[in-house]
Every structure is written in structure tokens, then in C-alpha cells.
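Counting starts at 1 for both ligands and their atoms, following the listed order. Numbering starts at 1 and runs along the sequence shown.
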Amino acid sequence: MALLPILCYPDPKLHTVAKPVAAVDARIKTLISDMIETMLEAKGIGLAATQVDVHERLIVIDISEQRDDPLVLINPRIVWSSPEKHQNEEGCLSVPGIYDSVERCDTVKVEAQDGHGTARLIEADGLLAVCIQHEMDHLLGRVFVEYLSPLKRKRIKTKMLKSQREARA
Ligand code: NI
């Protein structure tokens, strides 16, 4: 297993649209283990392959208290979403230290393959539903700050670039 570097906003590579995973082979299984390790190490509850600069439709999530119950979604597709929506506070490992409200569907049904390539249908609500929608946005090249006002987004971009410059100095 290995820790993978996480792309930070406003890295333009975060806007890449991911391609489907062709086969759940040894390479993808290694990527899944590395992504889970990277997510846990960074104390995140979700990570999309896009964030580690791999542009294939793969997500890992762990919202369990013990951090020992990872959910792997390969080629996820939302097949149903509730008309009911709510604002939830979100953060992102690619935008460290920034939290803001984003509107998401309360419940989603998602078709995806698991880490063994088996097709599954998952019905998610609460935090899991929010997390799945947030991570699936990454696969479309979308970062949550893009839902915020242009002024907020500009401030966040400036703040991120400043802290990235300081980290390099
Ligand atoms: Ni994120």
C-alpha cells in the first residue's frame, strides 16, 4: 500500500472528466487499497480517483465511526434521486480548511460495482448520500466550491494559492 498525493484546488487537473473503469483488475485493486489508505491518513470520509490524478470512475468512502468500513463504488450511476433537497456543510481533501453549505438530494439510489467487480444497488441517505453526490461530482471534474458564489470562490482560490506558495517556501 502507498499514500498517494492529493491534488489541491485550483489545480486544473481536478476538472478532468473521468472515464469508466474498464476492468476491476490487479491495477484497480491496488489503486483502491492506496486510495483507502490515503483517505484514512488524510482523515477524510471520501476520495475520488480524480483527486489522486487518476481519471477513472472510482470512489472510496468511509463514514463509519471506527474508520473500518470502506465502501468502494466503481462506475457509479445515480438511478434515482429524491426531489427533497437540503443544504449540508461540506469539506473536501482537495480544498483543505474550507467548509461551506451545498444543496444535495436527501436520498439517492446508485448502481455501481464494488471492489470485486460485483454489481450492486445502494440506497443512501443522510451523510452517505451527501458524500456520494460530492464524490461523484469529482468524477465529472466538479469541486464543491463551484456551487458557491463567484466572490466566495475567488476568495477560496486566493487563499489556497497563498497556502500552497507558503508550503513550497
Ligand atoms: Ni472532495
Verdict with reasoning, Asp137 to Arg104, per salt bridge (Lys or Arg N to Asp or Glu O under 4.0 Å)
CA-CA 11 Å; Asp137 267 356; Arg104 302 284 187 187; 2.8 Å; yes
Just do the side-chain contact (heavy atoms from CB on, under 4.5 Å) check on Leu7 and Gln51 with the steps written out, would you?
CA-CA 5 Å; Leu7 297 176; Gln51 294 176 274; 5.6 Å; no
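Here 3 is the count of protein N, O or S atoms positioned under 2.8 Å from the Ni ion (ligand 1), waters not counted.
Using a 4.5 Å cut-off on side-chain heavy atoms (C-beta onward), Val79 and Val110 make no contact.
Surrounding CD of Glu103 are more than 12 heavy atoms belonging to other residues, nucleotides or ligands, all under 6.0 Å away. For Arg120, the CZ atom counts as loosely surrounded, since its 6.0 Å shell holds 12 or fewer non-hydrogen atoms of other residues, nucleotides or ligands. Heavy-atom neighbours of Lys29 NZ from other residues, nucleotides or ligands within 6.0 Å: above the threshold of 12.
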